[in-house]
Amino acid sequence: MNNPILIIGANSLGRTAKDIFEENEVVVYGFLDDDKSLHDTEIDEVGVLGSSEDESFLTLVGKKCESFVAVDDNRVRKSLVKLLNEEYKVQPVNAIHKRAVISKRADIGHGNLIDADVLIGNRSKIGNHCILNTRVTIGAGAAVGNFSQIGAGAIVGSEVSIEEEVFIGSGVTIVAGISIGKGARVGAGSVVVAPVAKGETVFGNPAQVVK
């Protein structure tokens, strides 16, 4: 990547993305964030330039800089991605830590954050705008849908199918071949040994539906 990066979101996720880009020798142009108290301040020596929809900066995306959406609220994240796609005709780039290990035969989409020590196996597929926190393992042939988030240290077994907008907490284990429905949530430390339906929340070892 030759262009500098504009990070939308100056929260902890944005700072993580900043570190990843800088470790990959990509210049961070600045942050955009809707918290007005942050405007005209610096975070880790990078300025917060304006709001997330500031046209004066977004018009630079795709021309003089690239973008990354660092917002973990899926509703807001999807709205910002839609704005970039439709109004500015650009796609956010990936933030991939240099210590991540990704199979050459894996398929990685756009706008993902893949943190340190993540392992992504052969024939695995990561959709768009996902967040894979540190030490996540994605087994061979597994699929992770768009806008899904997987917590630190989670293990996703081979051939697991995770649909869109799923949240998986830290330290979760999902055994091979299991399917996780759209919008489902898996509590931290759970062991998932049976399919999880669309929109369900599960927790425990073995994971059970939370009413």
Side-chain angles (χ1 to χ4, degrees), residues 1-34 46-116 118 120 123-133 136 138 142-150 156 161-168 182-183:
M1 186 189 305
N2 295 321
N3 287 338
I5 193 82
L6 182 66
I7 299 174
I8 304 175
N11 53 18
S12 59
L13 188 64
R15 294 194 293 274
T16 297
K18 171 187 174 293
D19 286 347
I20 290 172
F21 285 118
E22 289 183 338
E23 287 176 2
N24 287 316
E25 299 183 351
V26 175
V27 173
V28 177
Y29 182 76
F31 291 104
L32 298 180
D33 196 280
D34 290 336
V46 171
V48 182
L49 307 174
S51 70
S52 63
E53 298 184 8
D54 192 322
E55 292 185 5
S56 62
F57 294 105
L58 292 180
T59 53
L60 301 175
V61 175
K63 301 170 185 175
K64 295 184 178 180
C65 68
E66 305 296 337
S67 64
F68 181 80
V69 179
V71 178
D72 53 12
D73 182 318
N74 264 346
R75 181 184 58 83
V76 177
R77 191 174 176 85
K78 290 176 77 173
S79 176
L80 290 169
V81 168
K82 182 178 180 181
L83 175 70
L84 290 167
N85 290 170
E86 297 183 358
E87 296 295 325
Y88 298 96
K89 310 302 179 187
V90 295
Q91 187 72 268
V93 298
N94 288 318
I96 301 177
H97 200 285
K98 63 183 180 181
R99 290 210 317 268
V101 178
I102 301 174
S103 169
K104 293 180 180 179
R105 292 182 174 83
D107 184 357
I108 310 294
H110 301 281
N112 298 295
L113 187 144
I114 300 175
D115 208 348
V118 169
I120 299 178
R123 298 180 296 104
S124 292
K125 183 176 181 179
I126 310 298
N128 302 316
H129 315 296
C130 297
I131 300 169
L132 275 60
N133 288 287
V136 165
I138 306 294
V144 179
N146 300 338
F147 294 98
S148 290
Q149 301 182 35
I150 303 180
V156 176
S161 174
I162 297 172
E163 295 189 19
E164 296 186 2
E165 301 175 42
V166 169
F167 176 86
I168 295 171
K182 181 177 179 180

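All values below come from the heavy atoms of this structure, side chains included, with hydrogens, waters and symmetry mates left out.
- Residues that satisfy the side chain to side chain contact (heavy atoms under 4.5 Å, CB included) test with N74, not counting sequence neighbours, are R77, F147, Q149, E165.
- Heavy-atom minimum distance, C130 versus G145: SG-O, 3.0 Å.
- Using a 4.5 Å cut-off on side-chain heavy atoms (C-beta onward), L80 and S52 make contact.
- A distance-only check finds no donor-acceptor pair linking the side chain of N146 to the backbone of G127 [under 3.5 Å].
- N133 is not listed as a side-chain neighbour of I150, based on a closest heavy-atom distance of 4.5 Å or more.
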Yes or no on side chain to side chain contact (heavy atoms under 4.5 Å, CB included) for I108 and I114, after CA distance, side-chain angles and deciding distance? CA-CA 10 Å; I108 310 294; I114 300 175; 4.2 Å; yes
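- F167 meets the ring-ring contact (aromatic ring centres under 6.0 Å, His included) test with no other residue; sequence neighbours excluded.
- Taken from CZ in R105 to CZ in R123, the straight-line distance is 10.5 Å, to the nearest 0.5 Å.
- Under a 3.5 Å cut-off, the side chain of N3 and the backbone N or O of E66 do not form any donor-acceptor pair.
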Could you go step by step and tell me if F31 and L49 meet the side chain to side chain contact (heavy atoms under 4.5 Å, CB included) rule? CA-CA 6 Å; F31 291 104; L49 307 174; over 6 Å; no
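- Listed for the S148 side chain is a donor-acceptor partner under 3.5 Å among the backbone atoms of E163.
- The line from CD1 of I120 to NZ of K125 is 13.5 Å long, rounded to the nearest 0.5 Å.
- The only member of V61, I5, V46, L60 that meets side chain to side chain contact (heavy atoms under 4.5 Å, CB included) when paired with Y29 is L60.
- Judged by distance alone, the side chains of N112 and N94 do bring a donor and an acceptor atom under 3.5 Å apart.
- Of all heavy-atom pairs spanning V156 and A142, the tightest one is CG1-CB, 4.2 Å.
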Report the C-alpha separation of I131 and L13 in whole Å, then their side-chain angles, then the decisive distance to 0.1 Å, and conclude whether the side chain to side chain contact (heavy atoms under 4.5 Å, CB included) test is met. CA-CA 9 Å; I131 300 169; L13 188 64; 3.6 Å; yes
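- With a 4.5 Å cut-off on side-chain heavy atoms, I8 and F68 do not count as touching.
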V27 vs F21, test: side chain to side chain contact (heavy atoms under 4.5 Å, CB included). Steps then yes/no. CA-CA 7 Å; V27 173; F21 285 118; over 6 Å; no
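- At a threshold of 4.5 Å between non-hydrogen side-chain atoms, the residues V69 and H129 do not count as touching.
- Applying the side chain to side chain contact (heavy atoms under 4.5 Å, CB included) test to E23 and every residue at least two apart in sequence or in another chain returns H97, K98.
- Side-chain atoms of P92 and L84, non-hydrogen and from C-beta on, do get closer than 4.5 Å to each other.
- When every heavy atom of L6 is checked against every heavy atom of C65, the shortest pair comes out as CB-SG, 4.1 Å.
- Using a 4.5 Å heavy-atom threshold, the side chains of V136 and D115 count as separate.
- Within the 4.5 Å cutoff, side-chain heavy atoms of L58 are placed close to those of L83.
- A pairwise comparison of heavy atoms in T59 and K63 identifies O-CD, 3.4 Å as the closest pair.
- Side-chain atoms of N24 come within 3.5 Å of backbone N or O of I20 as a donor-acceptor pair.
- A distance of 8.0 Å separates NZ in K18 from CD1 in I7, rounded to the nearest 0.5 Å.
- Side-chain atoms of T16 come within 3.5 Å of backbone atoms of S12 as a donor-acceptor pair (strictly under, hydrogens ignored).
- Distance check, rounded to the nearest 0.5 Å: CD1 of I96 to CG of L132 gives 10.0 Å.
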